[in-house]
Trainee: 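Provided herewith is a single structure, encoded as structure tokens, for subsequent inquiry.
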There are 2 protein chains.
Amino acid sequence: MVSSNHENAAGSLAFPKRLWGKIVGFALRLKNLGKDDPRRMIHCFKVGLALTFVSLFYYFKPLYDGFGLDTMWSILTVVVVFEFSVGATLGKGLNRMLATLTAGALGIGAHRLATLSGETGEPILIALFVFIIAGIVTFLRFIPQIKARYDYGMMVFILTFCLILVSGDRDEEVVRMGFERLSTIVIGSCAAVFVCTFICPVWIGVDLHNHIATNIEKLGNFLEGFEDGYFKISEDGQPINKSSSLQGYKSVLTSSSKEEIMANLAKWEPCHGKFRFRHPWNEYLKVGSVTRQCAFKIESLNHYLTSEIQSPPEVRSIIQGECTVISSECGKALKELASEVRKMTKSSAAEPHITNSKAAAENLKAVIRSSLSKHCNYLEIMQAGAVASLLFEVVKCTEEIAGAAHKLASLAHFKNAKPRVTPETQELPSQGAVNPVSGIDGAHHVITIDPSQSLRGSENSSPPVLAPRMEVQTLEMSSF
Amino acid sequence: MVSSNHENAAGSLAFPKRLWGKIVGFALRLKNLGKDDPRRMIHCFKVGLALTFVSLFYYFKPLYDGFGLDTMWSILTVVVVFEFSVGATLGKGLNRMLATLTAGALGIGAHRLATLSGETGEPILIALFVFIIAGIVTFLRFIPQIKARYDYGMMVFILTFCLILVSGDRDEEVVRMGFERLSTIVIGSCAAVFVCTFICPVWIGVDLHNHIATNIEKLGNFLEGFEDGYFKISEDGQPINKSSSLQGYKSVLTSSSKEEIMANLAKWEPCHGKFRFRHPWNEYLKVGSVTRQCAFKIESLNHYLTSEIQSPPEVRSIIQGECTVISSECGKALKELASEVRKMTKSSAAEPHITNSKAAAENLKAVIRSSLSKHCNYLEIMQAGAVASLLFEVVKCTEEIAGAAHKLASLAHFKNAKPRVTPETQELPSQGAVNPVSGIDGAHHVITIDPSQSLRGSENSSPPVLAPRMEVQTLEMSSF
């Protein structure tokens, strides 16, 4: 009996305890959400501010008397237009204002036409107009280019057209209504855009810029860590480092749609910081695309870190030296490129690394030809061969990324990096002056390099222009 | 003079001609857009119909007198809620109705509280409520799970709360307004959902189902065509078929976000056809994920089709036989799996192919050990070795896809396929009865196979249940 009571008491305590645990867990998640990206907290503050601002319009008698119930449209506009980034907010605001203007004008014209046709004809004509315009504009929304940038405008167009056409008996009333709707929407959009742009703005263009740089960097991290992952071998013949720390590149594999959305939103943004109004956002997509190609190779390479079937250590040790040089030099080159993109400088700091990696690739071929071929068990050396073959691909990809990054640098008018001499440069006297690298597949990208800048430096580098935070958690335009 | 006149005339003709060309081009693009997916045309018709239907509400005096200007909310609701697929429309409709209900109730309560505080306190309290609720709900929208399914509802919640709180002087008026808003929104949502569901519905669940099946099929197509692409060699030693026809798999590489959006929308759909209400949509994501893993291997494999450095034909011919068997058997297995998923049947038709491919992989290892090792130039045989190594991976991936597909089949209660004997089965007497395949990495998926169904058939197969059309061009929830 005592025990049963005890159990009951424990049972009745268990529920509040579980509930409390859940509440604490939820609160912790919220805290982490805010910690991951503090801009989110600021965004919430900004939304509250903008809404409070337009809500108080109701309390200013002169304004309320002027617009009456239509003031509601300002609130509605702020709620639906206010997004996390300036690009998304501006895009939606412009879409909304332009669509309201054109649809309002068309609606007033159509209404006039309908009233001319007498009392019986009016509802029929109005129904017909609504049906036709709604159908046509809905179809236009399927066009990919329109869907990417003007989808919201198209929706507002249908909405405004229907509302103007349907509500209101007399022409003058319709015109007055259209004007009031337009002005309150303009007020709401401007309030949203103003608060979003002038209070701690979140530029999605900057985020895309950093995102691309970080992606290149992630590949660089993998390649720099590849040696430890593949060649440092434990007693049972398996690689020691199964390396969750190297798995950062995985996010690069599937980031294409995210990049496209970001580029589309960035196109709405005005000039800010070092970004001009017509910054070549599409070039970022190209850099992103070649980076992803390289990530696919790295995904294959990563497989050999975790594969159960491995070439024996003595085989791996034959190719270790050159493979290490290739991967670490490619890694360094990618990190230099990432840093160039991030700092928005033109520099040739990556070139010596690419040259080194290409030289190492040639050496590796020689090693394979001479030493590896002596091993009779082809199955044993096959894995090592596949790793080598993938590293050759990575060298090629690194060159392509360098080409795309240099093209971006020239189109976006990145500034030349200041020439600097560092001890590192002196460690590599054999390379002499750095030459522009021509691709294995012919020089399809011409790199214009100022000879005075062909020295690289990692010390005294100018401070990073952009914060290293990268992940844009909310891809707007998803919540209209 | 004559010639100059002639030029002028030509010049003045050039502009209308160019314009005409552009118009024709645009019209052709629209035509293709409709042709690619005829459901789009029907969708436009449906939107027009639903809007005309609610617009005519204004003309029914009893309804208009009851709701007055609030009828506008029905039109607004139809425009923003009506989406291409049933799942998206239903999700938005439910989000909108539920959010309006809860925010309305909360708004009325907050309004009562504010009025109690006297004339000076009222605007201050209202501003405070708007600020706090808008801030909190905006923050909740950042939680990924909420963002995926309830983002729209959260937005409507803020909107309704602000509108209710701000507009209306007396409590009764506020209650009346809230009620009217709710009822017109329910009418609008129901109209949209009704038209979307009962007139040629587009089920996003069916689209996801077909999308997953098609993705598996695309990999199968590549593997079946791989032999021609890699081993059929032209006189200059290069593969003949550089095979744009094999590039279908590329879309699989980047389809993860699309699949996630589709699965989230599909969860809103009621039971339809063979799909129950709680159909295991998340399993589709798992099948999609292992399919993508396989696609990454195929991306590497594809590289060797187009690579400039190739193993010489005599080397390739050594491994040709077994490689062909592996790739074609894996291809067949994947196509069988795709067909099983598409037809929603449990079947073991893919198992013999997997068994064959595994046997061929063992044979290939033997060939490599015996014949390929005799070649002294390791660099020459390295490419061939890498291809072989990738094919081993593909065999493993195919097994994983089979495991994931079988798990889906069992969780989604797919029906057993009818046992059939075809000439093909008799061609492979050596395999005997088909056994469940256990993974190389241990049997982590248990496949329950009815022995009576262990024969495969391609003739007399039951007609495909689902249309083979696949691409969902519009991923809704993107235009609220």
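The analysis underlying the following values was restricted to heavy atoms, covering all of them including side chains, and did not include hydrogens, waters or symmetry mates.
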Trainee: Flag the one option from A:V78, A:V156, A:T52 with the top tally of heavy-atom pairs under 4.5 Å to chain B.
Mentor: A:T52

Trainee: Nearest heavy-atom pair of A:R40 and A:L33: which atoms, and what distance?
Mentor: NH1-O, 2.6 Å

Trainee: Are A:K250 and A:E299 close enough for a salt bridge, meaning some N to O gap below 4.0 Å?
Mentor: yes

Trainee: Can you tell which part of B:L140 gets under 4.5 Å to a heavy atom of chain A, answering side chain, backbone, both or neither?
Mentor: side chain

Trainee: Once the angle between the rings of B:F296 and A:F296 is folded into 0 to 90°, is it parallel (under 30°), tilted (30 to 60°) or perpendicular (over 60°)?
Mentor: tilted

Trainee: Taking every heavy-atom pair that is under 4.5 Å apart, which of B:L76, B:T160, B:I158 has the most such pairs with chain A?
Mentor: B:L76

Trainee: Side chain, backbone, both or neither: which part of B:K46 has a non-hydrogen atom closer than 4.5 Å to chain A?
Mentor: neither

Trainee: If you count heavy-atom pairs under 4.5 Å with chain A, which of B:L159, B:L128, B:V130 comes out on top?
Mentor: B:L159

Trainee: Students often mix this up, so state it plainly: with edges at 30° and 60°, are the rings of B:W73 and A:W73 parallel, tilted or perpendicular?
Mentor: parallel

Trainee: Counting heavy atoms not belonging to B:Q145, are there more than 12 under 6.0 Å from its CD?
Mentor: yes

Trainee: Is the distance between the ring centroids of A:F161 and A:F129 less than 6.0 Å?
Mentor: no

Trainee: Please look at A:S256 and chain B and tell me whether the side chain, the backbone, both or neither of the residue comes under 4.5 angstrom of a heavy atom of that chain.
Mentor: side chain

Trainee: Between B:S300, B:A386, B:A134, B:G48, which has the largest tally of heavy atom pairs under 4.5 Å with chain A?
Mentor: B:G48

